[in-house]
Amino acid sequence: MLGDATEAAAKGQTPSTPGAPPAFGTAPATGPAVTPATFVEAEKLMQVELTPAELAQASGNWQQSMAALYERRQGPKKMALVDTDVPATIWNPAIPQVTIGVGRDIFVGAGGKDLPLPENEDDIAFASATQLSRWIQSRKITSERLIGIYLKRIAKFDPQLRCVITLLSEQAMAEARVLDKELAAGASRGPLHGIPWGAKDLLDTAGIRTTYGAEPFEHRVPEHDSTVVKRLKEAGAVLIAKLSMGALALNDIWFGGQTMNPWLLEEGSSGSSAGPGASVAAGLVGFAIGSETQGSIISPSMRCGVTGLRPTFGRVPRTGAMTLSWSCDKLGPMARSVEDTLLVLDAIYGPDERDLACAKQPLSFNVKQSMHGLRVGYFPEWMKADPATDVDRHALEVVKSLGWQPVALTMPAAPYDSLNVILFAESAAAFEELTLSHKVDELKVQVPDAWPNTFRQSRFLSAVDFVQADRMRRKVAEIMARLFKDVDVMLVPSLRDEMLVTANFTGHPSLTLRAGFVEVSEARSDWAPDPKHPLPKFSPPRRVPHGVTLIGRLFEEGILGQAGIVLEEAFKVAGERPKGF
């Protein structure tokens, strides 16, 4: 019998040396064979170039060095990942040179007049949540009656708008009766007591389907309420509808069709918070909860003429909400007034032990605090070019008329869209099983700019570039910190790409509110142009609302709200309603 070393030598193997560490590139060969030609083609995807010698070396030991790294999903030792398995790395928007957190927890609203209850139910339906609260608290209307008004409106208008996925008529009425009894007995749960609301259908609701607007999840029924749903229930708000969203949080088409804009029924409401935007604009709910990863609160709020508050990343817990991007997703209120959005935020913010990115920071909102001398940053070049409009430029003039201090800013030239390597990689990871099983093929929209194609393409993004994008993200956060040294808020065209991308990745809060009206000669769409399906054109042009956006410092939603209320009053356009609703 040969000794171990002799036997190994006879087999052409190098004997193991005691204490020798393992080495990269010596694993057993696995996976399909690759050649230099494989890498030549892959170079086109990565936009790198290797020499012939480097190609030969890389392909020569790929099976021994890199292929085994896919064992997690290829086996033999597979490890399944479920929805609750979040990444170990958590994005923290705070950087050393920035102090976040202002004041203490405080909420001082406008108070308002004790207005009589209108006789016309449409006028009741379009009232702000703040006004609805006053009527309920003063017993001028019951929650049961109010919910009945909204349910009738949903039955009448949802066939046109396609903004409701699941209607909760019986459950909502039963809850309303309980809440009315509580109030009659002198027990109020707070300002949202008895207010009907709608949830974008990515918020889990126990025993009620939560579909993500996507065919593969159409019959998904979760066991538990999301944290936001639970907190609103505790605050006395009554969920009456699960609202539509673009499939898997992209744009405005879901398995029930396209959600339409109440102001212009020939165009979609924009997304992905399509249902919240349309339902609030049409007076079908008191307020709604939307979500944003990159524009999904801002865009439908702007198009549908409602007010949308995108909180700071980490302000509102996302536990029980669909994940698209662990480091970018945010939940926020959409309503008919600025104060409404702060009223709702006050009920849903704060840490949750299951959302490790959720921060403990005070919310300081005092509408009675003077805004005199507020420093408002703006970008002169942006105001001169699309997508800015005369409404945006007028908003800047209003800022000056209020005695606020406009401060001209310049955004350094940088490849901000390169940050989307992070979004595309995280979203493809969140829906990996759906993509690799080809269930993503069930989605209605399969155009090149829809998620199915993006998820597939994202498998071929570079891990190195992901890390470099993450490093770039910190540099961009430093750019934002420098800009905010000179200003309190920024006024920007809502859909200006640089800020839409940047502020979402840095986690800064935004407030979008109606500032005026513009005329459009063509319906607008979130999708890339398709010559085979041209958009409707209008002659004469149609009049539609237009919103501007304020960007605030991290965790300073209170300042955004206080400034927004002043602007809302100065613009004097918040009260107009879409015709026919």
Side-chain angles (χ1 to χ4, degrees), residues 81-93 199-204 210-214 217 222 226-229 231 243 245-251 271-276 288-301 308-334 344-345 348-359 361 419-432 434 451 454-455 458 466 469-470 473 477 500-510 512 554-555 557:
L81 297 175
V82 297
D83 291 346
T84 53
D85 293 323
V86 302
T89 302
I90 299 171
W91 167 247
N92 180 358
K200 183 176 180 178
D201 204 28
L202 51 58
L203 288 172
D204 277 356
T210 302
T211 71
Y212 306 163
F217 300 100
S226 62
T227 298
V228 164
V229 168
R231 288 181 178 178
L243 301 173
M245 55 183 283
L248 304 182
L250 181 67
N251 300 351
S272 65
S273 302
I289 297 293
S291 73
E292 174 152 329
T293 305
Q294 193 174 121
S296 289
I297 288 176
I298 287 179
S299 189
S301 294
L309 176 60
R310 181 191 74 207
T312 305
F313 177 80
R315 169 66 86 182
V316 176
R318 301 159 301 170
T319 306
M322 186 201 89
T323 296
L324 184 66
S325 168
W326 289 275
S327 68
C328 281
D329 292 347
K330 311 157 202 77
L331 301 173
M334 298 169 69
V344 176
L345 180 64
I348 64 176
Y349 85 97
D352 177 282
E353 63 181 13
R354 293 174 295 168
D355 183 351
L356 300 181
C358 202
Q361 291 292 337
L419 292 169
N420 280 326
V421 170
I422 298 170
L423 168 58
F424 292 159
E426 290 189 345
S427 61
F431 291 103
E432 178 184 62
L434 192 74
W451 280 142
T454 303
F455 291 164
S458 298
F466 179 92
D470 199 40
R473 187 179 199 171
L500 193 64
V501 173
T502 296
N504 267 294
F505 274 101
T506 59
H508 286 76
S510 73
T512 301
L554 298 172
F555 296 102
E557 293 89 352

**OP:** Please name the pair of heavy atoms, one in P276 and one in G290, separated by the smallest distance, quoted to 0.1 Å.
**Re:** CG-CA, 4.3 Å
Original post:
L202 and side-chain contact (heavy atoms from CB on, under 4.5 Å): which partner among T211, L331, L248?
Top reply: L331
Subject >> Closest heavy-atom pair and its distance - G271, P300 >> reply: O-CD, 3.5 Å
**OP:** Taking side chain to side chain contact (heavy atoms under 4.5 Å, CB included) as the test, write out the residues that go with S427, two or more places apart.
**Re:** L324, W451, F455
Original post:
Do N504 and L423 come within less than 4.5 Å of each other through their side chains, counting heavy atoms only?
Top reply: no
Original post:
What residues, two or more places apart in sequence or in another chain, satisfy side chain to side chain contact (heavy atoms under 4.5 Å, CB included) together with S458?
Top reply: F424, A428, T454, L461
**OP:** Please report the closest heavy-atom contact between S301 and M334, naming both atoms and the distance.
**Re:** OG-CE, 3.4 Å
Original post:
Hey, does M322 have a side-chain heavy atom less than 4.5 Å from the side chain of S291?
Top reply: no
Subject >> Pairs meeting criterion salt bridge (Lys or Arg N to Asp or Glu O under 4.0 Å) with involvement of residues 314-327, two or more places apart >> reply: R315-E557, R318-D355
**OP:** Would you name the heavy atoms of A321 and S226 that are closest together and state the gap between them?
**Re:** N-CB, 4.4 Å
**OP:** Sequence neighbours left out, what passes side chain to side chain contact (heavy atoms under 4.5 Å, CB included) with T227? Give chain and number order.
**Re:** R231, P317, T319, D352, R354
Subject >> Nearest-0.5 Å distance that lies between atom CZ in R310 and atom OG in S510 >> reply: 3.5 Å
Subject >> With sequence neighbours excluded, residues passing ring pair (Phe, Tyr, Trp, His ring centres under 6.0 Å) with Y349 >> reply: none
**OP:** Only counting residues at least two apart or in another chain, list the ones meeting side chain to side chain contact (heavy atoms under 4.5 Å, CB included) with N92.
**Re:** A94
**OP:** Only counting residues at least two apart or in another chain, list the ones meeting side chain to side chain donor-acceptor pair (under 3.5 Å) with Q294.
**Re:** N420
**OP:** Evaluate the side-chain proximity of L554 to H508: yes if any heavy-atom separation is below 4.5 Å, no if none is.
**Re:** yes
**OP:** Measure the spacing between CG of L81 and CD of E432 and express it to the nearest 0.5 Å.
**Re:** 7.0 Å
Subject >> Close side-chain approach of D204 to V229, heavy-atom, < 4.5 Å >> reply: no
**OP:** Evaluate the side-chain proximity of C328 to F313: yes if any heavy-atom separation is below 4.5 Å, no if none is.
**Re:** no
**OP:** Please test L309 against V344 for side-chain contact (heavy atoms from CB on, under 4.5 Å), starting from the C-alpha separation and ending with a verdict.
**Re:** CA-CA 10 Å; L309 176 60; V344 176; over 6 Å; no
Subject >> Side chain proximity check, P93 to T506, heavy atoms < 4.5 angstrom >> reply: no
**OP:** Give the minimum heavy-atom separation between G507 and W91, together with the two atoms involved.
**Re:** N-NE1, 4.5 Å
Subject >> D201: salt bridge (Lys or Arg N to Asp or Glu O under 4.0 Å) partners, not counting sequence neighbours >> reply: K242
Subject >> Residues which pass side chain to side chain donor-acceptor pair (under 3.5 Å) with T502, listed by chain and number, not counting sequence neighbours >> reply: none
**OP:** Could you list the residues that satisfy side chain to side chain donor-acceptor pair (under 3.5 Å) with S273, not counting sequence neighbours?
**Re:** K200
Subject >> Residue list, side chain to side chain donor-acceptor pair (under 3.5 Å) with N251, at least two apart or on another chain >> reply: none
Subject >> I289 and I348, any side-chain heavy atoms less than 4.5 Å apart >> reply: yes
Residues 82-90, side-chain donor-acceptor partners within the protein, below 3.5 Å, at least two apart:
| unit_1 | atom_1 | unit_2 | atom_2 | d |
| --- | --- | --- | --- | --- |
| D85 | OD2 | V82 | N | 2.9 |

